[in-house]
Amino acid sequence: MIVTRFAPSPTGFLHIGGARTALFNWLFAKHHGGEFRLRIEDTDRKRSTQEAVDAIFAGMKWLGLNWDGDAVSQFERRDRHAEAARQLLDAGLAYHCYCTPEELTEMREKARAEGSARLYDGRWRDRDPADAPAGIAPVIRLKAPLTGETVIDDKIQGEVKVSNEQLDDMILLRADGTPTYMLAVVVDDHDMEITHVVRGDDHLTNTFRQAQLYQALGWDLPVFGHMPLLHGSDGAKLSKRHGALGVEAYRDMGILPEAMNNYLLRLGWSHGDDEIISRDQAIEWFDLDGVGKSAARFDMAKLESLNAHYIRHADNSHLVSLVLPDLKNALDGSLSDDTETRLLRGMPGLKDRAKTILELVENAKIYAYARPIPINDKAAKILDGEGRRMIEHTRPRLGDVTPWTQQEIEQMVRVVAEELGAKLGNIAQPLRAALTGSNVSPGIFEVMEVLGRDETLGRLEDALSGDV
RNA sequence: GUCCCCAUCGUCUAGAGGCCUAGGACACCACCCUUUCAAGGUGGCGACACGGGUUCGAAUCCCGUUGGGGACGCCA
């Protein structure tokens with residue numbers, strides 16, 4: 001069975017790039033009928049807080065990426081990591097190193113100056129343990145192969161190799177006895193029976209070292225797939241500095257999780273010319289061979305375009321439930337009692353006109369206002385002189401419209417327009433201004449139907465009386 | 001500096017030697033529809049980084065150059 005995992009470190013939120021990694025792993029597992037696991041890489045105690053872990057859970061949940069079993073805490077497995085290091089020590093495949101930080105810095109500088117890749121010179125590698133200086137706690141280093149090469153058969157990048165002369169003896173266990181990342185990932189991935197490690201490209205060079213570790217431990221390598229990184233609009237790796245946001249920031253911008261999933265999926269993966277891809281379709285189609293090799297830039301405009309599509313196709317009552325809280329917030333006390341029912345009926349006209357839920361809220365205000373409604377500058381201008389005259393002529397005739405439907409209303413207004421020798425637009429625009437307080441809105445006859453006859457006549461009266 | 005990876009329209013991508021006069025999507029522009037704005041429809045602008053090979057034939061294969069990115073911590 002195929003088992004994948006997502007292993008974020010808790011940094012305060014679910015990073016957008018991490019979300020994509022999680023999605024790919026989730027999809028890959030689902031496609032193959034396998035399992036998807038979650039592991040929190042919280043060994044850096046300074047950075048790990050419960051809030052940060054919760055933020056990851058919340059982000060995953062929002063995206064609908066459920067994981068199998070309980071999330072694993074890497075920190076809680078530190079004894080097992082140390083045990084693996086000791087095992088290597090006993091087998092003579094690792095050794096104690098007593099170098100001080102100062103010595104290491106010196107070595108590093110020297111190596112750089114000489115153009116050498118080996119930053120640690122291996123000075124304790126074959127030294128007699130009896131030479132150990134007193135009072136210095138040693139680290140444990142892997143006795144890595146000095147010659148030959150390490151080859152990775154990467155399912156996304158292809159065959160990648162490096163000469164072992166480039167790799168020095170990495171630290172496995174720190175002086176304080178805690179495991180390093182390299183040790184922890186390898187031990188955890190092995191113990192969690194991860195079969196496929198799909199992660200960002202930035203781990204590609206780490207993989208060589210991890211492969212050496214697997215070898216020393218006598219374990220089989222999982223299958224690796226290194227996906228291209230997500231870049232900011234400036235072309236550099238997405239980071240906090242580059243405006244990389246947590247997934248919840250996009251939720252707050254009014255992005256739907258469906259749109260986010262679809263967008264993230266298409267960043268670095270494709271299935272021919274398909275753009276709009278449902279989750280079921282994604283599960284059916286997703287595989288590693290569809291993943292590209294080059295980095296992709298994040299493009300908000302395309303995300304919004306996808307979002308607009310998902311809003312347009314979303315269930316009306318679902319959209320109402322998303323919009324209502326924000327609307328109450330924005331309008332506070334001046335919310336009409338009829339808001340919810342109006343929203344439900346007006347949603348078809350509203351949802352075609354919004355790229356985000358935030359815009360939807362803004363546009364939905366016309367159905368939430370209690371009389372008298374606010375009139376913006378452009379609408380006020382339309383209501384001057386001629387526009388006002390049109391409403392004066394039209395309003396009385398509205399009482400005769402039966403039934404009160406969009407079609408009947410339009411028919412009546414057309415008759416009035418003809419009588420006045422006016423174009424339909426000459427009446428529609430003033431009606432819009434008076435009824436919505438704006439120069440932009442859904443079809444005005446639809447708005448009238450949703451508002452109902454009483455509210456419509458009332459708002460028109462407000463406009464005529466100047467009581468706005 | 002050393003090592004690793006990448007390279008098709010502004011952006012995301014299709015393309016696995018002839019189907020390519022390089023296709024789609026977003027963005028942009030124009031037109032149509034039209035009561036405004038959207039949506040929708042039609043059309044337009046717009047790319048194989050460069051140089052060498054290999055081949056009858058290269059966006060596709062090889063080499064180099066250039067450009068971009070990543071990794072080089074007792075961080076993860």
Side-chain angles (χ1 to χ4, degrees), chain A residues 7-11 41-44 46-48 74 97 99 101 104-105 108 111-119 137-141 152 154 157-158 160-163 165-168 170-176 178-182 184-185 200-208 226 228-229 231 233 235-237 263 266-276 292-306 308-309 312 349-355 363 378 382 410 413-414 417 423-433 436 438-445:
Chain A
S9 48
T11 54
E41 311 231 312
D42 51 0
T43 54
D44 184 353
K46 288 190 284 284
R47 282 199 264 175
S48 303
Q74 189 160 65
C97 167
C99 287
L104 291 172
T105 308
R108 208 168 291 137
R112 287 239 163 120
E114 288 171 353
S116 161
R118 233 173 224 160
L119 268 20
V139 299
I140 295 180
R141 285 183 186 270
I152 305 296
D154 192 281
Q157 302 292 341
V160 186
K161 55 184 161 187
V162 71
S163 159
E165 278 140 46
Q166 297 294 328
L167 275 17
D168 56 19
M170 69 182 127
I171 294 177
L172 266 20
L173 218 56
R174 301 187 186 105
D176 65 1
T178 58
T180 59
Y181 165 75
M182 290 294 177
V185 221
D201 224 349
D202 49 345
H203 286 284
L204 191 51
T205 46
N206 286 336
T207 309
F208 297 126
H226 286 91
L229 258 25
H231 285 176
S233 48
K237 180 184 177 182
Y263 179 67
R266 286 287 289 104
L267 243 34
W269 177 85
S270 62
H271 182 270
D273 284 338
D274 294 302
E275 296 285 350
I276 305 291
K293 289 178 156 195
S294 51
R297 298 190 186 202
F298 192 86
D299 180 16
M300 195 64 196
K302 185 145 186 180
L303 207 210
E304 285 194 341
S305 150
L306 235 20
H309 174 271
R312 250 178 275 136
L350 250 21
K351 67 184 182 183
D352 268 4
R353 293 169 170 77
K355 287 204 288 286
N363 299 342
K378 284 180 179 169
I382 294 169
E410 174 167 357
V413 173
R414 281 185 186 277
K423 287 200 282 188
L424 186 59
N426 292 334
I427 297 184
Q429 214 36 14
L431 285 175
R432 169 168 291 112
T436 70
S438 164
N439 58 318
V440 177
S441 84
I444 196 59
F445 305 119

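This one's a predicted model, so the numbers in the text were calculated from it and none came from an experiment. Per chain, numbering begins at 1; letters A, B, ... match sequence-line order.
Note that CG of A/D154 is 9.0 Å distant from NZ of A/K293, once rounded to the nearest 0.5 Å.
A 3.5 Å limit on both hydrogen-bonding distances identifies no Watson-Crick or G-U partner for B/U60. Across all strands shown, B/A16 remains unpaired; no Watson-Crick or G-U wobble contact has both distances below 3.5 Å. Pair assignment for B/C9: none, as no Watson-Crick or G-U wobble contacts are both less than 3.5 Å. For B/C28, the paired base is B/G44 (Watson-Crick or G-U wobble, both distances below 3.5 Å). Shown here, B/C72 forms a base pair with B/G1; the pair counts as Watson-Crick or G-U wobble because both key distances fall under 3.5 Å. When Watson-Crick and G-U wobble pairs are counted only if both distances are under 3.5 Å, B/A49 pairs with B/U65. Searching all strands for a Watson-Crick or G-U wobble partner of B/U54 with both distances below 3.5 Å returns nothing.
Residue contacts for A/D44: at a heavy-atom cut-off of 4.0 Å it reaches the sugar-phosphate backbone alone, with no base atom in range. Among the heavy atoms of the strands lying under 4.0 Å from A/F445 is at least one base atom, whether or not backbone atoms are also near. In this structure, A/R118 reaches neither bases nor backbone, as no heavy-atom distance under 4.0 Å exists between it and the strands shown. Backbone-only contact: A/T43 has heavy atoms under 4.0 Å from sugar-phosphate atoms and none from a base. Across all strands shown, A/K355 has no heavy atoms under 4.0 Å from either base or sugar-phosphate atoms. Backbone-only engagement by A/H231 is indicated by non-hydrogen atom pairs under 4.0 Å involving sugar-phosphate atoms exclusively. Among the atoms of the strands shown, only primed sugar atoms or phosphate atoms (P, OP1, OP2) are found under 4.0 Å from some heavy atom of A/G272. Across all strands shown, A/A301 has heavy atoms under 4.0 Å from sugar-phosphate atoms exclusively, and none from any base. Contacts of A/I171 with the nucleic acid, taken as non-hydrogen atoms under 4.0 Å apart, include base atoms. Within 4.0 Å of A/R297, counting heavy atoms only, lie sugar-phosphate atoms of the nucleic acid but no base atom. The residue A/C99 sits close to a base: some heavy atom pair falls under 4.0 Å. Counting any heavy atom pair closer than 4.0 Å across all strands shown, A/S294 reaches sugar-phosphate atoms only and no base atom. Across all strands shown, A/G268 has heavy atoms under 4.0 Å from sugar-phosphate atoms exclusively, and none from any base. A/Q74 comes within 4.0 angstrom of sugar-phosphate atoms only, judged by non-hydrogen atoms across all strands, and of no base.
Contacts of A/S163 classified as side chain to side chain contact (heavy atoms under 4.5 Å, CB included), with partners at least two apart in sequence or in another chain: A/E165, A/Q166.
A gap of 44 Å separates the P atoms of B/C37 and B/C19, to the nearest Å. Comparing the C1' positions of B/G68 and B/C56 gives a spacing of 36 Å, expressed to the nearest Å. B/U21 and B/A47 are spaced 15 Å apart, taking the C1' atom of each and rounding to whole Å. The same atom, P, is picked in B/G15 and in B/C9; the two are 16 Å apart, to the nearest Å. Using atom C1' as the reference point in both B/U8 and B/A22, the two lie 8 Å apart (nearest Å). Between B/G1 and B/C20, the distance separating the two C1' atoms is 43 Å to the nearest Å. For the P atom pair drawn from B/A58 and B/C50, the interatomic distance equals 15 Å after rounding to whole Å. Look at the P atom in both B/A39 and B/A27: the space between them is 8 Å, to the nearest Å.
With hydrogens and angles disregarded, a donor-acceptor distance shorter than 3.5 Å links the side chain of A/Q429 to the backbone of A/N439. In this structure, the side chain of A/R174 engages the main chain of A/P179 through a donor-acceptor pair within 3.5 Å. Using modelled atom types, no side-chain atom of A/S305 and backbone atom of A/A301 make a donor-acceptor pair closer than 3.5 Å.
Protein chain A contacts RNA chain B from B/G1 to B/A76, reading 5' to 3' and using non-hydrogen atoms of the protein with a distance under 4.0 Å.
Along RNA chain B, the nucleotide closest to A/L424 and the one closest to A/Q166 are compared, and the more 5′ of them pairs with A/Q166. Nearest-nucleotide positions on RNA chain B for A/D176 and A/A295 put A/A295 closer to the 5' end.
Nearest heavy atoms, A/H203 versus A/Y181: CE1-OH, 3.0 Å. The heavy-atom pair separating A/P228 from A/S294 by the smallest distance is CB-O, 3.3 Å. Here the closest heavy-atom approach between residue A/N363 and residue A/A354 is recorded as ND2-CB, 4.3 Å.
The neighbour count for A/K351 NZ, taken as heavy atoms of other residues, nucleotides or ligands under 6.0 Å away, is above 12.
A heavy-atom distance below 4.5 Å is found between the side chains of A/I276 and A/L306.
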